[in-house]
Amino acid sequence: MMSFYDKIYEVVSKIPKGYVMTYGQVAALCGSPKASRVVGYALHKNPLPGVIPCHRIVNRFGYLSGGFAFGGIEVQKHLLENEGVFVDENYKVDLDKFQLKAYNL
DNA sequence: ATCCTGACCTAGC
DNA sequence: AGCTAGGCCAGGA
């Protein structure tokens, strides 16, 4: 059954390399702008490891959620930098440059 | 079966 | 201008 989680996974998995998206953005694309919490929780469970690039998801301010990442926020930071996304020392990303504004399915 | 919680965001006081 | 509360969905006890 296609639930919100499935949509979230699909949207997140389609984020191009070198870009990031916010929870609210993903939630809005799934049909509920207020369901940003659900997005975070969906990624928290991460039922499809390797398929879902959780490291490309950041909060409203561009900061990495950290904590429940693959092995640490530092790893997440490294992965983003490896994809060409510059990450600040405070684990913050330049949304102006790296946030995927226009999402085309 | 119900209640609580959880990587967030927006609005109201 | 800073803090509190509410809204969304699904899973675990």
Side-chain angles (χ1 to χ4, degrees):
Chain A
M1 173 181 177
M2 275 292 279
S3 55
F4 251 83
Y5 276 38
D6 295 303
K7 293 180 186 174
I8 293 167
Y9 300 140
E10 192 167 346
V11 171
V12 174
S13 62
K14 284 179 180 172
I15 299 176
K17 176 184 174 185
Y19 285 92
V20 296
M21 272 185 96
T22 64
Y23 295 93
Q25 216 173 353
V26 176
L29 289 171
C30 289
S32 296
K34 297 179 183 177
S36 48
R37 295 185 60 169
V38 189
V39 177
Y41 198 53
L43 297 176
H44 168 71
K45 294 192 304 180
N46 197 3
L48 306 175
V51 182
I52 305 173
C54 308
H55 58 279
R56 292 179 189 156
I57 307 298
V58 295
N59 62 14
R60 215 355 181 159
F61 300 96
Y63 287 100
L64 306 184
S65 309
F68 284 94
F70 334 82
I73 187 171
E74 296 183 14
V75 178
Q76 184 174 2
K77 175 175 177 288
H78 212 76
L79 284 170
L80 288 172
E81 289 181 334
N82 191 31
E83 292 185 349
V85 179
F86 177 75
V87 182
D88 195 286
E89 289 184 354
N90 292 323
Y91 306 105
K92 179 185 170 188
V93 180
D94 275 327
L95 292 178
D96 187 47
K97 294 181 180 177
F98 302 110
Q99 182 182 22
L100 186 60
K101 298 165 188 172
Y103 186 82
N104 303 319
L105 288 171

Spacing of [X] atom [atom1] relative to [N] atom [atom2], expressed in whole Å:
{"X": "A/Met2", "N": "C/dA10", "atom1": "CE", "atom2": "P", "result": "12 Å"}
{"X": "A/Tyr5", "N": "B/dC8", "atom1": "OH", "atom2": "C1'", "result": "13 Å"}
{"X": "A/Ile8", "N": "B/dA7", "atom1": "CD1", "atom2": "C1'", "result": "12 Å"}
{"X": "A/Asn59", "N": "B/dT10", "atom1": "CG", "atom2": "P", "result": "11 Å"}
{"X": "A/Leu95", "N": "B/dC8", "atom1": "CG", "atom2": "C1'", "result": "14 Å"}
{"X": "A/Leu29", "N": "C/dC8", "atom1": "CG", "atom2": "P", "result": "18 Å"}
{"X": "A/Leu79", "N": "B/dA7", "atom1": "CG", "atom2": "C1'", "result": "16 Å"}
{"X": "A/Tyr9", "N": "B/dA7", "atom1": "OH", "atom2": "C1'", "result": "12 Å"}

Using atom [atom1] in both nucleotides, what's the gap between [N] and [M] to the nearest angstrom?
{"N": "B/dC4", "M": "C/dA5", "atom1": "P", "answer": "16 Å"}
{"N": "B/dT10", "M": "C/dA10", "atom1": "C1'", "answer": "22 Å"}
{"N": "B/dG12", "M": "C/dC8", "atom1": "P", "answer": "15 Å"}

Side chain [X], main chain [Y], donor-acceptor under 3.5 Å:
{"X": "A/Ser32", "Y": "A/Ala35", "answer": "no"}
{"X": "A/Tyr103", "Y": "A/Val11", "answer": "yes"}
{"X": "A/Asn90", "Y": "A/Lys92", "answer": "no"}

Using nucleotides 1-6 of chain C, report all nitrogen or oxygen pairs with the protein that are shorter than 3.5 Å.
none

Exercise for the section: Answer whether the closest heavy-atom distance between the side chains of A/Tyr5 and A/Lys45 falls below 4.5 Å. Expected result: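 They are in contact (side-chain heavy atoms under 4.5 Å apart), so the answer is yes.
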
Exercise for the section: Classify the nucleic acid contact of A/Tyr23 as base, sugar-phosphate or nothing, counting any heavy atom under 4.0 Å across all strands shown. Expected result: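 The answer is base, as A/Tyr23 lies within the cut-off (heavy atoms under 4.0 Å) of a base atom.
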
Practice task
Please identify each residue that fulfils salt bridge (Lys or Arg N to Asp or Glu O under 4.0 Å) with A/Lys97, with sequence neighbours left out.
Solution key: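 Counting only residues at least two positions away or on another chain, A/Lys97 forms no salt bridge (Lys or Arg N to Asp or Glu O under 4.0 Å).
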
Practice task
Could you pull out all residues at least two apart from A/Lys77 that satisfy salt bridge (Lys or Arg N to Asp or Glu O under 4.0 Å)?
Solution key: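 Counting only residues at least two positions away or on another chain, A/Lys77 forms a salt bridge (Lys or Arg N to Asp or Glu O under 4.0 Å) with A/Glu81.
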
Problem - Whichever of A/Tyr41 and A/Pro33 has its nearest DNA chain C nucleotide further upstream toward 5' - result: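 Comparing both residues, the 5'-ward one is A/Pro33.
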
Handout entry: Nucleotide nearest A/Lys34 (side chain, heavy atoms from C-beta), chosen from C/dC8, B/dC8, B/dA7
Key =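 The nucleotide sitting nearest to the side chain is C/dC8.
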
Handout entry: Closest to the A/Ser32 side chain, choosing from C/dA10, C/dC8, B/dA7
Key =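 Between C/dA10, C/dC8, B/dA7, the one nearest the side chain of A/Ser32 would be C/dC8.
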
Practice task
Output the distance between atom CG (A/Leu95) and atom CD (A/Gln25), rounded to the nearest 0.5 Å.
Solution key: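 These two atoms lie 9.0 Å from each other.
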
